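Comments concern the structure below.
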Amino acid sequence: IMKTFSEEWENNLELSKNAVYVKSETYDGATVKGYDFSGDSVDYDALFQSYQTMGFQATNFGKAVEMIDAMLSARETPFEGENMDGIRQDSGCTIFLGFTSNMISSGVRENLKFIVKENLVDVLVTTCGAIEEDIMKCLAPHQICRFDFDGHTLRAKGLNRIGNLIVPNKNYSLF
């Protein structure tokens, strides 16, 4: 027996509602948070300690620091080439920073804010999801979990996994 389009639609709608509106259980993990740069000075021990609650991976951190130092040094070096028509180039390096929305979900958000506030980049390139993630992060915290947590089990509890972060359904509802 074939279902009508209307019956199929109602069934799919009900399945979707049941998945999205599962009441979020409490998850007792560390809250996702980056380092607070708003003080008068930087506490480097606290900065490096904060990576434990940033989520995702802080891979190749040493290489990244070295690369950033090289870019900032090049940025301070006057441009010695031939300028293109209509384009002024003052330094030897224009720094682009590209990131996906999941970086905003994590504690790296505070680092990105600092980088922009201190004019350490010239151009930002991101996805439109970064706006949604930023608003959600302002409305409610995310928690740290493990990368191997089962998505199906979490969904049944009204919890969503982004890498090693937990985002309760209620956070999406607040948005």
Side-chain angles (χ1 to χ4, degrees), residues 3 7-39 42-68 95-118 120-121 123-175:
K3 289 185 176 181
E7 290 172 320
E8 190 73 29
W9 173 263
E10 290 296 322
N11 185 41
N12 288 339
L13 182 61
E14 193 61 33
L15 287 172
S16 297
K17 284 181 182 176
N18 289 338
V20 172
Y21 293 117
V22 173
K23 185 177 181 197
S24 296
E25 292 183 13
T26 300
Y27 179 78
D28 190 27
T31 297
V32 175
K33 184 170 179 10
Y35 182 77
D36 180 4
F37 286 96
S38 64
V42 176
D43 178 349
Y44 290 99
D45 289 332
L47 171 64
F48 292 117
Q49 184 71 28
S50 73
Y51 278 85
Q52 293 182 27
T53 60
M54 285 187 187
F56 299 108
Q57 300 291 334
T59 53
N60 299 312
F61 184 73
K63 289 180 183 180
V65 169
E66 185 178 348
M67 189 178 294
I68 291 167
I95 301 175
F96 285 73
L97 176 60
F99 59 91
T100 56
S101 63
N102 59 349
M103 293 293 100
I104 299 299
S105 296
S106 72
V108 176
R109 173 184 180 266
E110 288 80 358
N111 295 43
L112 295 170
K113 177 183 169 185
F114 174 78
I115 289 167
V116 171
K117 186 177 176 183
E118 296 298 317
L120 297 173
V121 295
V123 180
L124 282 178
V125 180
T126 190
T127 61
C128 63
I131 297 167
E132 171 190 340
E133 298 292 339
D134 192 38
I135 293 170
M136 284 175 50
K137 189 92 183 304
C138 291
L139 296 174
H142 305 341
Q143 283 75 40
I144 300 287
C145 69
R146 293 191 342 225
F147 282 95
D148 64 349
F149 276 15
D150 180 60
H152 183 73
T153 302
L154 292 171
R155 287 293 308 138
K157 297 177 178 183
L159 302 171
N160 306 281
R161 184 178 62 79
I162 305 174
N164 68 336
L165 309 179
I166 292 287
V167 182
N169 279 352
K170 67 180 180 182
N171 293 20
Y172 289 97
S173 298
L174 291 170
F175 176 69

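None of the values given here were measured: they were computed from a predicted structure.
Shortest non-hydrogen contact noted between T31 and P141 is CG2-CB, 3.5 Å. The nearest pair of heavy atoms linking M103 to S106 is O-OG, 2.9 Å. Of all the heavy atoms in R109 and I104, the pair that sits closest is CB-O, 3.5 Å.
In terms of modelled atom types and a separation under 3.5 Å, the side chain of T127 and the main chain of S101 share a donor-acceptor contact. Counting only distance, with no hydrogens or angles, the side chain of N18 and the backbone of E14 share a donor-acceptor pair below 3.5 Å. With hydrogens and angles ignored, the 3.5 Å screen pairs a side-chain donor or acceptor of Y35 with a backbone N or O of D43. A donor-acceptor contact shorter than 3.5 Å links the side chain of N169 to the backbone of V20. Side-chain atoms of S24 come within 3.5 Å of backbone atoms of G158 as a donor-acceptor pair (strictly under, hydrogens ignored).
Summarising the geometry, atom CZ belonging to F114 is positioned 11.0 Å from atom OG belonging to S38; distances are rounded to the nearest 0.5 Å. Separation of atoms CE (M136) and OG (S173) is listed at 9.0 Å; rounding is to 0.5 Å. Distance check: K17 NZ to E10 CD gives 7.5 Å after rounding to the nearest 0.5 Å. Atom CD of E133 is separated from atom CZ of F175 by 9.0 Å, given to the nearest 0.5 angstrom. Annotation: the span from I166 atom CD1 to R146 atom CZ amounts to 11.0 Å, rounded to 0.5 Å. Taken from SG in C145 to CD1 in I162, the straight-line distance is 9.5 Å, to the nearest 0.5 Å.
Using a 30° and 60° split on the angle between ring planes, Y27 and F149 fall in the perpendicular class, above 60°.
Considering only heavy atoms from C-beta on, L112 stays 4.5 Å or farther from L124 through its side chain. Side chains of P168 and Q143 form a contact here, defined as non-hydrogen atoms less than 4.5 Å apart. At least one side-chain heavy atom of V32 sits less than 4.5 Å from a side-chain heavy atom of K137. Between V125 and L97 the shortest side-chain heavy-atom distance does not fall below 4.5 Å. Considering only heavy atoms from C-beta on, L154 stays 4.5 Å or farther from N160 through its side chain.
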- Intermediate values then yes/no, side-chain contact (heavy atoms from CB on, under 4.5 Å), H142 and N171: CA-CA 8 Å; H142 305 341; N171 293 20; 3.3 Å; yes
- Query: Can V167 and L159 be said to form a side-chain contact (heavy atoms from CB on, under 4.5 Å), step by step?
  - Reply: CA-CA 6 Å; V167 182; L159 302 171; over 6 Å; no
